[in-house]
J.: 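Here it is: the structure, laid out below.
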Amino acid sequence: MRTFRNSFFQNFFGSQLRIIIFTLILILVSSLFIVTKIDKSSIFKSIRSSSISIVYYISSVVVSPVKFVGDGVSKIIEIRSLYKDNEQYKKERLIESKSFQELVSLKLKIVEYERLLNLNEDLDYDFITSRVIADLSKKYFSSILVDVGKKDGVFENMPITGPNGLLGKITDVDQSISRGMLVTDVSSRIAVSISEESFQGILIGQNQRNPRIDFVKEFSQVIIGDLVTTSGKGGIFPSYIFVGQIVKKEKDYLEVELFEDIDSLTHIRLLNFNNNISNDF
Amino acid sequence: MIFETDKKYNQYYGELIFHVAIFISISLGLLSSNSIMDFVLLTCMIIYLFKGSKIHWYFPLLIFLWGIYSDLVIGYPIGYSSVLFLFFLLLNQASNYFGIFHMNNVRFFLFLIGLLLVLIFEQLIIHLNFSTNILFFLQILKILVILVLYFPINFFMKNKININE
């Protein structure tokens with residue numbers, strides 16, 4: 001009896017320890033994946049890109065009942081705000097407003113000045129409008145999924161904008177779905193210009209807070225309220241795309257409030273910018 | 001003989017329900033556009049509460065693969081979710097090994113300590129890699145929401161997914 005009990009416990013604890021050791025080994029392997037950034041390698045990148053559609057369709061089938069109820073609730077809220085928006089638009093009447101006329105005359109002046117200075121024309125680019133099918137902006141690595149892919153002409157590093165300003169860029173592309181990294185992502189780095197003086201800096205994502213700008217040489221000359229736009233350096237984003245406004249000036253960095261409200265996004269634009277550059281050269 | 005068959009049936013049934021629950025929990029992360037509910041932590045809790053005192057050798061491997069799937073769904077670096085899931089599986093097995101599996105309060109505090117360790121680890125990694133800090137208050141809020149769900153989910157798993165019987 002004693003021998004049986006001893007061997008029973010020996011077997012039980014032996015197998016338990018084996019499971020624990022195997023789990024520890026798998027934790028080490030996973031940590032190695034993170035440390036070596038294995039998903040940046042070309043093999044994993046292509047696996048990741050090609051699996052977006054499959055993963056999305058499987059997940060969306062599973063959560064479709066929850067999504068159905070959520071969509072119903074948001075439609076009700078949308079109809080309520082539609083009436084208020086309509087009243088607001090009637091009051092504003094943009095076409096007859098003074099601000100619209102000022103914008104038009106400013107644009108005409110810019111065209112005239114460019115002609116007088118004999119400036120080269122900026123590269124023109126078209127865009128693809130797409131719907132946001134998944135909003136993962138509240139995670140550390142903020143991203144969205146859009147319902148366009150390779151078959152629609154989407155490619156990696158395509159800039160993403162909303163109606164009010166810059167949002168991010170495309171990082172993974174599958175046949176019909178793509179993933180875009182937002183400017184609030186902790187690994188996002190975008191070259192920007194500040195104010196009319198074009199002070200250069202780097203916009204760094206801060207997860208769910210306002211992004212910040214670092215590495216500004218003329219830091220002391222920047223004031224709160226200055227406009228922030230893309231500088232065009234790096235060749236990924238075209239220049240003069242609105243980003244936001246300086247709202248805070250700390251010891252060594254600037255805080256930017258984005259013009260684009262990521263939470264209320266339903267449709268976005270993908271700028272066909274890089275393609276134009278590659279075609280010209 | 002009959003009881004052995006019933007036991008195996010219960011075991012497979014329990015495991016199936018467990019994997020379906022994990023699958024749904026990970027997939028719900030795709031819909032999650034709020035900053036309070038973290039479905040990765042919810043999945044970690046489901047794994048921690050699983051009553052697997054006689055799990056097979058391939059169980060940690062399956063959890064590892066679920067972690068890969070979770071990273072593909074939410075766009076995290078490959079390996080991130082796997083580390084979290086396997087860490088809580090390790091806590092689960094460790095509590096079993098040291099015989100505290102049926103002490104609910106002790107396990108609850110062990111789970112809380114695990115969550116806080118994960119939070120500290122994440123803060124360190126993001127600070128070192130990206131020179132930025134995540135909102136501490138928001139992370140604490142997420143942990144509190146998960147802790148609120150601890151006992152209801154424990155009750156459900158005890159009654160539906162117990163493979164020891």
Side-chain angles (χ1 to χ4, degrees), chain A residues 12-13 15-20 22-27 29-40 44 47-48 51-52 54-56 58-63 66-67 70 133-143 145 171-172 179 181 186-187 204-209 212 214 263, chain B residues 20 23-38 40 52-61 63-64 67-87 89-94 96-97 122 125-126 129-135 138:
Chain A
F12 178 75
F13 285 121
S15 68
Q16 188 98 55
L17 264 178
R18 274 200 295 270
I19 299 285
I20 289 175
F22 187 40
T23 308
L24 276 168
I25 291 170
L26 284 173
I27 290 176
V29 168
S30 308
S31 309
L32 266 172
F33 281 1
I34 300 172
V35 165
T36 56
K37 294 186 184 174
I38 203 165
D39 54 341
K40 302 279 185 223
F44 265 88
I47 293 172
R48 200 189 182 104
S51 64
I52 297 175
I54 303 165
V55 164
Y56 172 74
I58 292 172
S59 305
S60 57
V61 161
V62 171
V63 303
V66 178
K67 201 165 182 291
I133 54 176
D135 177 7
L136 303 162
S137 58
K138 297 287 183 287
K139 315 280 181 195
Y140 302 139
F141 300 97
S142 310
S143 63
L145 290 180
T171 51
D172 296 304
R179 186 184 295 277
M181 179 176 75
V186 288
S187 56
I204 299 172
Q206 297 285 290
N207 188 228
Q208 293 179 48
R209 288 176 296 189
R212 68 190 218 185
D214 277 353
D263 289 339
Chain B
V20 167
F23 181 46
I24 292 173
S25 172
I26 294 172
S27 303
L28 279 172
L30 193 70
L31 277 190
S32 162
S33 58
N34 71 70
S35 47
I36 295 174
M37 190 66 209
D38 189 339
V40 173
S53 60
K54 291 180 187 175
I55 61 176
H56 298 287
W57 65 269
Y58 55 77
F59 197 81
L61 194 61
I63 299 294
F64 172 74
I68 303 287
Y69 174 70
S70 173
D71 290 331
L72 289 174
V73 166
I74 56 179
Y76 274 21
I78 299 283
Y80 174 83
S81 300
S82 298
V83 168
L84 288 182
F85 294 170
L86 287 166
F87 173 68
L89 178 66
L90 191 68
L91 282 184
N92 174 310
Q93 291 300 298
N96 214 15
Y97 185 76
E122 277 174 352
I125 293 290
I126 287 179
N129 267 348
F130 303 107
S131 307
T132 184
N133 297 312
I134 49 179
L135 281 172
L138 212 56

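Chain naming here is simple, since letters A, B, ... match the order of the sequence lines and numbering starts at 1 in each.
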J.: Say you draw a straight line from CG of B:Leu61 to CD1 of A:Ile25; how long is it, rounded to the nearest 0.5 Å?
T.: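 CD1 of A:Ile25 is found 11.5 Å from CG of B:Leu61.
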J.: Count the heavy-atom pairs under 4.5 Å between each of A:Asp214, A:Asn207, A:Val62 and chain B, then report the option with the highest count.
T.: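 Highest number of pairs under 4.5 Å: A:Val62.
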J.: Do B:Tyr97 and A:Ile20 make a side-chain contact, defined as non-hydrogen atoms from C-beta onward lying under 4.5 Å apart?
T.: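 B:Tyr97 reaches A:Ile20 side chain to side chain.
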J.: Is there side-chain contact between A:Ile58 and B:Phe23, with heavy atoms separated by less than 4.5 Å?
T.: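 A:Ile58 reaches B:Phe23 side chain to side chain.
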J.: Side chain from CB out, backbone as N, CA, C, O: work out which of these in B:Ile63 comes under 4.5 Å of a heavy atom of chain A, or both, or neither.
T.: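 Neither; nothing under 4.5 Å.
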J.: Which pair of non-hydrogen atoms, one from A:Phe141 and one from B:Gly75, has the smallest distance, and what is that distance?
T.: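 Between these two residues, the closest heavy atoms are CB-O, 4.2 Å.
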J.: Taking the side chain as every heavy atom from C-beta outward, state whether B:Ser82 and A:Leu26 have any pair of such atoms under 4.5 Å apart.
T.: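 B:Ser82 does not reach A:Leu26 side chain to side chain.
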J.: Hey, could you give me the OG/CG distance between A:Ser59 and B:Leu72, rounded to the nearest 0.5 Å?
T.: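 Interatomic distance, A:Ser59 OG to B:Leu72 CG, rounded to 0.5 Å: 9.5 Å.
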J.: Report which part of A:Val186 has an atom under 4.5 Å of a heavy atom belonging to chain B: side chain, backbone, both, or neither.
T.: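 Both backbone and side chain.
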J.: Answer with side chain, backbone, both or neither: which region of A:Ile133 has an atom nearer than 4.5 Å to a non-hydrogen atom of chain B?
T.: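 Contact with chain B involves no heavy atom of A:Ile133 at all.
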J.: Quick one: CD1 on A:Ile19 to CZ on B:Phe59, what's the gap to the nearest 0.5 Å?
T.: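 Answer for the CD1-CZ pair, A:Ile19 versus B:Phe59, is 9.5 Å.
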J.: Sort A:Ser51 into side chain, backbone, both or neither according to what part of it lies under 4.5 angstrom from a heavy atom of chain B.
T.: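 The side chain, not the backbone.
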J.: Select one option (side chain, backbone, both, neither) describing which atoms of B:Leu90 are under 4.5 Å from chain A's heavy atoms.
T.: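 Answer is both: backbone and side chain atoms of B:Leu90 are under 4.5 Å from chain A.
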J.: Between A:Tyr56 and B:Ser27, is a side-chain hydrogen bond (donor to acceptor under 3.5 Å, both in side chains) present by the stated rule, with each step listed?
T.: CA-CA 9 Å; A:Tyr56 172 74; B:Ser27 303; over 6 Å; no
J.: Which atoms form the tightest heavy-atom contact between A:Ser30 and B:Phe64, and what is the distance?
T.: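 Heavy-atom minimum between the residues: OG-CE1, 3.2 Å.
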J.: Please report the shortest heavy-atom distance between A:Phe33 and B:Ile78, naming the atom on each side.
T.: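 So the minimum-distance heavy-atom pair works out to CB-O, 3.5 Å.
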J.: Using 0.5 Å steps for rounding, measure from the CH2 atom of B:Trp57 to the OG1 atom of A:Thr23.
T.: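 Atom-to-atom, B:Trp57:CH2 and A:Thr23:OG1 are 12.5 Å apart.
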J.: Using non-hydrogen atoms only, which part of A:Arg48 is less than 4.5 Å away from chain B: side chain, backbone, both, or neither?
T.: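 Contact with chain B: backbone and side chain both.
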J.: CD of B:Gln93 to CG of A:Leu17: how many Å apart, nearest 0.5 Å?
T.: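 Result: 10.5 Å between the selected atoms.
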J.: So which part of A:Ser31 gets closer than 4.5 Å to some heavy atom of chain B, the side chain, the backbone, both or neither?
T.: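 Looking at A:Ser31, backbone and side chain both touch chain B.
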